[in-house]
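Quick notes on the structure that follows.
Numbers here are sequence positions counted from 1. Just so you know, ligand 1 is whichever comes first in the structure, and atom 1 is the first atom listed for that ligand. These numbers were taken from a predicted model, which means no experiment stands behind them.
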Amino acid sequence: MSEQSERKRVILSGIQPTGTFTLGNYIGAVRNWAKLQDEFDCLYMVADLHALTVRQDPAALRRHSREAAAMILASGVDPKRSILFVQSHVPAHTQLNWIFCCNAQFGELSRMTQFKDKSAKHPDNVNGGLFTYPALMAADILIYNAELVPVGQDQTQHLELARNIAQRFNNNYSPTFVMPEGYVTKEGAKIMSLADPTRKMSKSDTNANAFILLTDDRDTITRKFKRAVTDSEGEVRYDPAAKPGVSNLMAIYHIFTGKTMEEIQHEFEGQGYGAFKEAVGTAVADGLAPIQNEYNRILADKEYVDTVLKEGAESASRIANKMIQKVYRKVGLLQL
Ligand code: ATP
Ligand code: LTN
């Protein structure tokens, strides 16, 4: 980052390499990352340590980490302007994580809905990392004094906890951390599952018809939208409470075409859901095509991806190491 940009506010965000990104990840998070690069100093991270809170196949995790980096680059994140790195390549995150684990309270960690959801989903593996997950996420953010964190709505509770940890640390020791704010766009903050529109679209869903993957081809995209659960009313109208399926498809269509909800409603008046679903599929397939081309091109050049990640880890470490030294000193760890 240039000296001139040193005055810019800092952004950090992350995504877990738990699988191929879904349309929800793209709309809720990654799509916004590229847009923020001019205005802010951005750090974007592949959160591989967070992914370990759920059992991962080692070879698949390695592959998904590189694929995640390639997809972030394909979505327009420019490594000349932003820092792109893998979480485990910057050990200072885990160092700060421990300090934060000793500051986060059992009660507040127990209230996290993601912890409750994932414990219910994986009852055989309710591990310590899953429980302290938000302390590591707070470390990811606060170690760079990031002021803005672009995420989907499901992460706002974790952000609130990061703010509480920051505040507590600042009060107990001395002002150290900047209070981070979520950057959650109104549209698309929560893209719902195509199979069950009352649940969020998630890349670890066991039903492949529930999500669109960013790597899905045109036929697959079209087929999945055709099968998307709607309702029996047959009217394209935006009403998330009464018509969650149709409203979700309208939100997706709006994001890819820029048309307002009223315009969409008019466009498909009296036509039923067939034509509407077809149009959503076409808009999404058209919109994703250039990203998919870029992704395939970038992924084929492993050396390039690895060089970007290496340089990213070096740049991120320079900032993070300074902060961890400061924190160690403040909490009273012996410095020689
Ligand atoms: P997993 O299924 O493994 O929990 P996920 O698909 O929920 O993964 P994450 O890696 O946890 O994805 O999230 C990456 C980013 O994408 C986060 O900022 C998150 O808020 C956002 N996100 C995930 N799902 C959606 C969704 N359905 N709608 C909008 N944003 C989403
Ligand atoms: N928990 C996030 C991923 C994540 C993250 C972060 C997001 C890990 N560290 C720091 C923003 C900032 C998720 O999407 N599940």
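One finds no salt bridge joining D57 and R63 here, because no Lys/Arg side-chain nitrogen approaches an Asp/Glu carboxylate oxygen to under 4.0 Å. Look at K259 and E267 and you find a salt bridge, because one of the NZ, NE, NH1 or NH2 atoms lies within 4.0 Å of a carboxylate O, short of that distance.
Annotation for ligand 1: atoms under 4.0 Å from non-hydrogen atoms of S204 are 1 (P), 2 (O), 3 (O). Annotation for ligand 1: atoms under 4.0 Å from non-hydrogen atoms of K190 are 28 (N), 29 (C). Near Q155, meaning under 4.0 Å from any of its heavy atoms, are these atoms of ligand 1: 20 (O).
Ranking the protein heavy atoms by distance from atom 3 (O) of ligand 1 puts T18 OG1, 2.9 Å first. Counting protein heavy atoms only, atom 24 (N) of ligand 1 is closest to K200 NZ, 3.3 Å. The closest protein non-hydrogen atom to atom 28 (N) of ligand 1 is I191 N, 2.8 Å. Protein heavy atom at the shortest distance from atom 15 (C) of ligand 1 is A29 CB, 3.7 Å. Closest to atom 2 (O) of ligand 1, if we only count protein heavy atoms, is S202 OG, 2.4 Å. Among all protein heavy atoms, the one lying closest to atom 14 (C) of ligand 1 is I15 CG1, 3.5 Å.
Near ligand 2, L12, S13, G14, Q16, M45, A47, H50, Y133, M137, D140, I141, V149, V151, Q155 each place a heavy atom less than 4.0 angstrom from the ligand.
In terms of hydrophobic clustering, with Ile, Leu, Val, Met, Phe, Trp and Tyr side chains grouped at heavy-atom distances under 4.5 Å, L159 and M45 are assigned to a common cluster. There is a path of hydrophobic side-chain contacts, each under 4.5 Å, that joins L109 to L142.
Taking the side chain as every heavy atom from C-beta outward, L12 and D140 approach each other to under 4.5 Å. Side-chain contact between M71 and V30: absent, with no pair of heavy atoms (C-beta onward) separated by less than 4.5 Å. Proximity of H89 to E314: side-chain heavy atoms (C-beta onward) are nowhere separated by under 4.5 Å.
The heavy atom nearest to atom 30 (N) of ligand 1, considering only G24, A51, P17, G182, is found in G24. When the heavy atoms of K203, K118, Q16, R199 are ranked by distance to atom 4 (O) of ligand 1, first place goes to K118.
Residue D154 places a heavy atom less than 4.0 Å from ligand 1. Within the structure, ligand 1 lacks Q114 among the residues with a heavy atom less than 4.0 angstrom away. Put simply, part of N25 is less than 4.0 Å from ligand 1, judged by heavy atoms.
Checking side-chain atoms of R163 against main-chain N and O of P180 turns up a donor-acceptor pair under 3.5 Å. Judged by distance alone, the side chain of N209 and the main-chain N or O of K224 form no donor-acceptor pair under 3.5 Å. Q105 places a side-chain N or O within 3.5 Å of a backbone atom of N103 that can act as its donor or acceptor partner. Side-chain N or O atoms of H64 include one that pairs as donor or acceptor with a backbone N or O of A60 at under 3.5 Å.
Under 4.0 Å from ligand 1, heavy atoms of V151 appear from its side chain as well as its backbone. In A189, the part holding a heavy atom less than 4.0 Å from any atom of ligand 1 is the backbone.
You'll find the ring centres of F106 and F131 inside the 6.0 Å limit. H93 and Y144 have their aromatic ring centers within a separation under 6.0 angstrom.
Polar contact check, G14 against ligand 1: no nitrogen or oxygen pair lies under 3.5 Å apart.
Between E263 and H266, the side chains place no donor N or O within less than 3.5 Å of an acceptor N or O (distance only, hydrogens not considered).
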